[in-house]
Amino acid sequence: MTAAGTHQTILAVWRIEQPRLITSLARLLRDVPLAEDLTQEALTVALERWPKTGIPERPGAWLMTTAKRRAFDHLRRRRMLDHKHQMIVREMEEEERIMPDLDTPLDDDIGDEMLRLIFTACHPLISREARVALALRMICGLTTQEIARAYLVAEATIAQRILRAKKTLSDSGLAYETPHGEQLSQRLGSVLEVIYLIFNEGYTAARGDNWFRLQLCNEALRLGRVLTSVAPLEPEAHALLALMELNASRAAARTDAAGDPILLLEQNRGRWDRLQIQRGLKALTRAEELDGAGGIYALQAAIIACHAKAMSADETDWGRIAGLYTELARILPSPIVELNRAVAIGMVEGPEAALDIVESLRDEPALKDYHLLPSVRGDLLYKLGRFDEAQRAFQMAAGLAENRREHDFLMRRAGEAAAKG
C-alpha cells in the first residue's frame with residue numbers, strides 16, 4: 001500500500017474508532033477531556049508507526065491498548081495521590097494482566113456508555129451551542145468543518161466553542177453519569193440535537209467520497225432507541241426516533257449501483273424498508289399520544305411520514321407537507337426550514353411561487369455558502385425553462401458542495417440544463 005493509501009486508511013479507522021476510544025477511556029478515567037487528549041496521542045503514534053510496520057489486523061484494539069498505556073503512564077506520573085486514581089490504576093493494571101494482547105478486540109457492547117458521555121458533555125454549566133459542538137466533535141467524531149456546516153457558521157466559531165466547553169468540563173469535574181428527573185430534562189434538548197446531527201451527517205455526508213455514511217446513521221438510531229427507554233415519557237425522544245427511522249427506511253433507494261444520489265421523487269419505493277417505516281410511524285404515534293404532535297422533531301417526522309405513506313411520488317400530500325413546514329417555521333424560524341417550505345410550495349402552487357421564496361433567501365448570511373440554496377434555485381429555474389440561469393445555479397451549487405458525489409451530481413444537472421439551453 002502506498003504512503004498516501006496508508007494515511008487514508010488510518011484516518012478512516014480513526015473516524016470509526018474515535019468515539020469508542022473516548023467512551024471507554026472516559027469510563028476509566030472519569031475525565032472526558034483527558035480521554036480525548038489520550039485518543040489523539042494514540043492517533044499520533046499510529047500515524048508514526050503504521051506506515052513503517054503496516055496496519056495491525058485489529059487496528060481499533062491497537063489504538064485502545066496504546067491509549068490505555070498512555071493513560072496508565074499519565075496517572076503514574078501524578079504519583080496516584082488521589083485515591084480515585086489509585087483505584088483506576090489498579091483496574092487498568094488488572095486489565096493489562098489478563099488482557100495484554102494487542103489484538104484483543106474492543107468491547108463491542110458499549111451499552112449506555114456513549115449516551116452517558118453525551119449527557120455529561122451536555123451539562124447545563126456549558127452553553128447550549130458549546131455543549132452540542134463538544135459532543136459532536138469529541139465524542140461522536142465529527143470534524144469541526146462538519147459541525148460548522150450543520151450550524152451554517154464559521155469553523156473558527158465552532159473551534160472556540162469546543163475549546164471553552166472542554167475547559168469548563170475539565171475545570172468543573174462534572175459527574176460522568178446518565179441524569180434522571182429534572183436533571184435529565186435540562187439536558188435532553190441538547191442530547192436530542194446531538195443525536196439528530198449525528199444522523200444528518202450520516203444521511204448526507206458533508207464531505208468525502210460517499211454521500212451516505214451508514215455507520216453514523218446506525219449509531220444515531222441506536223442512541224435514539226436507548227434514549228426512548230431512558231426517557232420513555234418524553235415525546236420529542238420518540239419523535240426524533242420516528243424521524244430517523246422514517247428517513248433511514250429509504251436508505252437502499254437513495255443511491256444507484258455506483259453510489260451516486262437518487263432524488264426522492266425518482267426513488268424506487270419498492271426498495272423502501274416497510275418494516276422500518278412501521279417502526280417510525282409507531283414512534284410518531286407514541287409522541288402524539290404524549291401530547292408532542294407540535295414538537296420540532298414531531299413536525300419533521302410528520303413531514304417524512306407523508307412521503308413514507310405515499311406509494312408513489314404522485315400520491316404525496318404536498319399540501320399537508322407545506323402546512324407542516326409553515327408550522328415548523330413558526331416555532332423554529334430558520335432559512336433552511338423556509339427553503340424546504342419553498343420546495344413544498346413549488347409542488348403545490350408551481351415553481352414560480354417557490355422561486356419567489358428562494359429569491360428572498362439569497363441574501364441570507366447563513367445561506368451564503370450553503371450549496372442547497374443554488375441547487376433548489378437551479379431546479380426551479382429548470383422547471384420554468386430558464387435553462388441558462390439553471391445551468392449557472394447548478395454550477396454554483398457544485399462549487400459549494402464538498403461531498404464528491406453531490407458535486408458530480410450537480411455538475412450533471414448543469415450539463416442537462418446546458419443541453420436544453
Side-chain angles (χ1 to χ4, degrees), residues 6-7 9-121 134-142 162 166-167 169-171 173-178 215 219 222-223:
T6 300
H7 184 81
T9 302
I10 293 171
L11 294 182
V13 168
W14 175 248
R15 288 186 76 103
I16 294 171
E17 300 295 348
Q18 180 192 8
R20 295 157 60 83
L21 292 170
I22 294 177
T23 300
S24 298
L25 288 172
R27 184 178 63 238
L28 288 171
L29 298 166
R30 284 74 165 177
D31 187 331
V32 179
L34 176 58
E36 198 255 349
D37 290 342
L38 293 171
T39 59
Q40 293 290 340
E41 289 183 22
L43 172 63
T44 300
V45 175
L47 288 169
E48 291 173 353
R49 295 188 186 175
W50 290 3
K52 301 173 187 175
T53 62
I55 296 172
E57 182 180 348
R58 291 177 176 164
W62 190 99
L63 288 167
M64 176 58 81
T65 302
T66 301
K68 280 186 176 180
R69 287 176 177 171
R70 294 282 171 131
F72 185 81
D73 292 342
H74 171 86
L75 295 177
R76 270 194 163 169
R77 284 196 298 269
R78 294 176 60 170
R79 300 180 183 279
M80 277 72 76
L81 294 178
D82 188 303
H83 177 65
K84 178 181 73 172
H85 287 171
Q86 293 179 26
M87 293 176 60
I88 294 169
V89 171
R90 281 199 296 270
E91 291 174 12
M92 295 176 71
E93 285 178 328
E94 179 63 17
E95 286 195 28
E96 285 292 313
R97 185 183 69 78
I98 65 175
M99 194 172 59
D101 185 359
L102 290 182
D103 282 338
T104 300
L106 289 177
D107 181 6
D108 285 331
D109 185 14
I110 295 176
D112 286 357
E113 295 300 329
M114 177 72 82
L115 189 60
R116 186 174 292 116
L117 200 55
I118 294 174
F119 267 107
T120 301
L134 174 70
L136 289 170
R137 175 71 187 96
M138 195 168 69
I139 301 166
C140 305
L142 299 193
I162 293 170
K166 286 175 67 175
K167 187 176 188 308
L169 198 61
S170 184
D171 292 348
L174 297 175
Y176 175 56
E177 62 183 2
T178 303
Q215 183 203 8
E219 179 62 11
R222 188 191 69 79
L223 290 169

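None of the values given here were measured: they were computed from a predicted structure.
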* Asked: Which pair of heavy atoms, one from Lys52 and one from Glu48, lies closest together, and at what distance?
  -> CE-O, 3.7 Å
* Any idea which heavy atoms bring Trp50 and Pro56 closest together, and the distance? -> CE2-CD, 3.3 Å
* Derivation and outcome, side chain to side chain contact (heavy atoms under 4.5 Å, CB included), residues Leu38 and Glu41 -> CA-CA 5 Å; Leu38 293 171; Glu41 289 183 22; 4.1 Å; yes
* For residues Arg70 and Leu25, determine if any side-chain heavy atom of one lies less than 4.5 Å from a side-chain heavy atom of the other. => no
* Measuring from Met64:CE to Arg69:CZ, what's the distance to the nearest 0.5 Å? -> 13.0 Å
* So how far is it from Thr120 OG1 to Arg116 CZ, rounded to the nearest 0.5 Å? -> 8.0 Å
* To do: Kindly compute the distance separating OG1 (Thr65) from CG (Leu21), expressed to the nearest 0.5 Å.
  => 10.0 Å
* Structure fact -> Value for CG (Leu43) from OG1 (Thr66), rounded to nearest 0.5 Å, stands at 11.0 Å
* Asked: Shortest non-hydrogen contact from Ala46 to Pro51?
  -> O-CD, 3.6 Å
* Distance (rounded to the nearest 0.5 Å) between Leu134 CG and Glu36 CD -> 8.5 Å
